[in-house]
Amino acid sequence: MATDNATSGGFGEVSRVRGVLFEYLSLGASVIGLVALGVLLVYVTIDAFDLANASPEWLLTYFLTLVAPFLAFCLYSANDAAVTRQSLVALGGGLVAVAVPFTAVEALVAPIPRLSWQLAYLFVVAVPVTAYLAYVGSRGRVGAVGFGLAGRLVGGIAIGLAVGTLFLVFDELVWFLAYTLGVVPAALAYGYGRYRDASIALTAAIPIGLLGALAAVLLRSVVTTYPSDLIIYLWTIAVPVAVAGGIVVAGRGGRTAGVAAGGVPLAVATAGGFLAGSVGLPASTTLIVLAVTGVPTAVYVHRALDVGEGLAGLALPALLVGGALVGALVVEAFGFPAPDPWLDASFVTEAPSRTAAEAGLYPAIVGSVIIIALVAVLSFVLGVGTSVFLEEYTAGSGLVGSLTRLLQVNIANLAAIPSVVYGLLGLGLFANLLGFGLGTAVTASLTLSLLILPITIISAQEAIRSVPDDLRRGSDAMGATRWQTTKNVVLPEALPGILTGTILALGRAIGETAPLIMIGAATTVFSAPSSLFSRFSAMPMQIYAWANFPQAEFRYGVVAAGVITLLIILIGMNGTAILLRNRAERGT
C-alpha cells in the first residue's frame, strides 16, 4: 500500500510513471541484448555452413522436403486449429514482410553483406516458427513419442562417442580388471542382499568393489594376457547395458520381451563392432555407440508400444532422414548450386592444418571432452560433499559456527576471482609443485575444477538450504540417523537445484581460455591425447589460434565452424544435464 510519508523508512510515494519507465527500460535492454546475440549467431552460422553461397533453389528444396514435413508433424501432434492458422499466417505473411523491406533496403540504401532475403526469411521467420512448433508439438502425445525416440537416438550416439573418447586416455586393461574383480562381485553382493534382505551382503558390496579396484591396479603389470579391446568393451559395457535394458523391459512386459529388448541390440552391436574394422571404422567405438544407442531405443519403443498412444510419433526419425535424403537427391538431380560448408564430417574428424580447406578440430574436441568429463566428476563430488558438510553437519553457533561463516564468506569471494588467477594457481600447484606437467589434461582438469568449485558449492548450499526443515524433522521422528536423513530426504529434494548450478558451472568451464593459457596448454596439437599426462589442446584454444591467422578463410569460415561446434557440444552437454534434472524433479 502506498504511503505519503517518505521519511519514515517505508516505500515513500509510489510513482506509476517511474515504474512504467523502468519496466520498458528493462524490456528494451533485454531486447537489444537478445537481438545483438541473435545477429552474431546468424552471421556465425552463415559463415560456418557457407549459406551465403546457397542458391534459392537449394534452400527451397530442403525447406519443402525437410522443414515443411517436420512442421506438419508438429501441427499434427499439437492438433490445434488456432496454432495451425497462426503458423500459416506467420510463414506466409513473414515471407512478404521480410522480402519487401529487405529488397527495398538493398535497392535504395546498400546491400547487406552476406545476407539475402531468403536467408533473412530463414532466420527471422522459419527458424523461430519451427522452434515454436517443436515446443508446441512436443506437448502432444505424438510429438512426445517422436521427440523421445529421436532424443534417444541422438543422445545415445553422443554418449557412445564420448565414452569411446574417454578410453583414449584411460587404461582399458585396468578398467577390465577393475570391472571383473570389483564391479561384478560388488553388484552380485548387492543384488543378493536386496533379494535375500541380507544386510551383511549390502554392507559388504562397497568394500568388495574397493578391494577389486585395488587388486586391479596391483595386477595390471602382473597379468600379461588380456582379451582384445573389442571383447573388453563387449564384456564391460555392451553386456551390462543390454542386461539392464532387458531387466527394465522384463519387469513390465515379460521375460521374452526383456530378452528381445536386450539381446537384439546386443547382437547388432557385436556384429557391427566386428564388421566395422573391415570398412575402416573404429571397432570398439562402433560397438559402444551401437550398444548405448540400441538398448535405450529398444526399451523406449517397447514402452511406447505398451502404452499404445502416439505411435505415429515413432516415424519422426524416418521422416527426418527421408526428408534429408530426398532433398539431396533432388539437389543432385537438378544440379542446384549447393554451399560448401566449413563444418562438415572432415572438420570434426581431422587434425588441424595450415590449409583452411583441410583444417580439423578433432584433437581439440577430444581434449575438451576429456577435460569436461573430469571436471564434472571432480567439481560435483567435491562441491556437493562440501555443501552437505557445511549445511548439515557443522554447528551453527560457537567457535565452529564462526569458523563456518568465515569459510562461507571466503567461498563466496573465491567465486568472484578472475579466472587467470586460477590459472596461475594451477601452474604453481599442479604443474610445478605436484609435477603433473605443463599443459596436460590432468592439470587442466584440476585447475578448471577449482575455478568452478565455489559456484558449485554455493548453488548446492542454496539447494540444500531450500529443503523444508519439516522433512528433516519428520525423518528424525522416524528414527533415522543424520546420514540417512541426508541421503534419503535432503539430497533427493535438493538434486534439481544442485544439477542446475552444476550445469551453469560446467558451461563456464568449457569456454574458459585464460586458465588454459596460464598452465601452458597448447594452442594446436595434431593428434589426440593418449593419456591424462599428454599435451593437449581444447576447442577454445584452437579457435583462439585460428582467429590470429592472417588468412581470411581462417578468421571467418574456420573460426565460425569451430564456434558452432563448441556451441553444439555445449548445448548437447547442458541438454543432457537438463533432462536429468527434469527427471529428478519428476522423481521428487
Kindly give the heavy-atom pair with the smallest separation between [X] and [Y], and that separation in Å.
X	Y	result
Arg535	Val525	O-CG1, 4.4 Å
Gly262	Ala242	O-CB, 3.4 Å
Val174	Ala216	O-CB, 3.9 Å
Ile208	Ala186	CG2-N, 3.8 Å
Ala545	Phe549	O-CD1, 3.0 Å
Gly156	Thr293	C-OG1, 3.0 Å

How long is the straight-line distance from [atom2] of [Y] back to [atom1] of [X], given to the nearest 0.5 Å?
X	Y	atom1	atom2	result
Leu566	Ser368	CG	OG	7.0 Å
Tyr233	Leu230	OH	CG	9.5 Å
Leu361	Ile365	CG	CD1	4.5 Å
Leu491	Glu392	CG	CD	8.0 Å
Leu429	Ile519	CG	CD1	12.0 Å
Asp50	Thr45	CG	OG1	12.5 Å

Working note: Leu453 + Leu382, criterion side chain to side chain contact (heavy atoms under 4.5 Å, CB included); need CA distance, chi angles, decisive distance, verdict.
CA-CA 8 Å; Leu453 189 58; Leu382 295 177; 3.8 Å; yes
Looking at [X] and [Y], would you say the former's side chain and the latter's main chain have a donor-acceptor pair under 3.5 Å?
X	Y	result
Ser387	Ile457	no
Thr443	Gly439	no
Ser475	Arg472	no
Ser138	Tyr135	yes
Thr481	Gln484	yes
Arg508	Leu504	no
Ser466	Ala463	yes
Arg555	Pro550	yes
Glu512	Ala509	no

Is any side-chain heavy atom of [X] less than 4.5 Å from a side-chain heavy atom of [Y]?
X	Y	answer
Thr440	Ser534	no
Val292	Val163	no
Arg194	Tyr190	yes
Pro352	Phe526	yes
Val348	Leu343	yes
Leu181	Leu219	yes
Pro529	Ile370	yes
Phe380	Ile498	yes

Should Glu391 and Arg465 be marked as a salt bridge (charged side-chain N to carboxylate O under 4.0 Å, His left out) after you check the CA-CA gap, both sets of side-chain angles, and the distance that decides it?
CA-CA 7 Å; Glu391 292 297 323; Arg465 209 172 290 161; 2.7 Å; yes
Can you tell me if CG on Leu218 sees more than 12 non-hydrogen neighbours from other groups inside 6.0 Å?
yes
More than 12 heavy atoms of other residues, nucleotides or ligands under 6.0 Å from OH of Tyr544: yes or no?
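Not more than 12 within 6.0 Å, no.
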For the residue pair Thr524 and Trp546, confirm or rule out a side-chain donor-acceptor distance under 3.5 Å.
no
Distance-only donor-acceptor check, side chains Thr349 and Ser346, under 3.5 Å:
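Per modelled atom types, Thr349 and Ser346 side chains form no pair under 3.5 Å.
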State which residue, out of Leu427, Leu448, Ile417, fulfils the side chain to side chain contact (heavy atoms under 4.5 Å, CB included) condition with Tyr422.
Ile417
Do you know which of Val42, Asp47, Leu40, Ile46 makes side chain to side chain contact (heavy atoms under 4.5 Å, CB included) with Val44?
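That would be Leu40; it is the only one of Val42, Asp47, Leu40, Ile46 passing the side chain to side chain contact (heavy atoms under 4.5 Å, CB included) with Val44.
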Is the gap between the ring centers of Tyr556 and Trp342 under 6.0 Å?
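Distance test on ring centres: not under 6.0 Å, no.
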Do Tyr362 and Phe347 make the cut of ring centroids closer than 6.0 angstrom?
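Here the rings of Phe347 and Tyr362 have centres that are no less than 6.0 Å from each other.
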Verify side chain to side chain contact (heavy atoms under 4.5 Å, CB included) between Phe147 and Arg152, making sure each step is shown before the conclusion.
CA-CA 8 Å; Phe147 285 109; Arg152 277 158 180 80; over 6 Å; no
I want to check a possible cation-pi pair here: Arg482 against Tyr393, using under 6.0 Å from ring centre and within 45° of the ring axis as the test.
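The answer is yes; both the distance and angle limits are met.
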How are the rings of Phe533 and Phe436 set relative to one another: parallel (under 30°), tilted (30 to 60°) or perpendicular (over 60°)?
tilted
Could you check Phe123 against Leu51 for side chain to side chain contact (heavy atoms under 4.5 Å, CB included), going step by step and ending with a plain yes or no?
CA-CA 11 Å; Phe123 288 106; Leu51 292 178; 3.9 Å; yes
Verdict with supporting geometry, Thr180 and Trp235, side chain to side chain contact (heavy atoms under 4.5 Å, CB included):
CA-CA 9 Å; Thr180 305; Trp235 162 241; 3.1 Å; yes
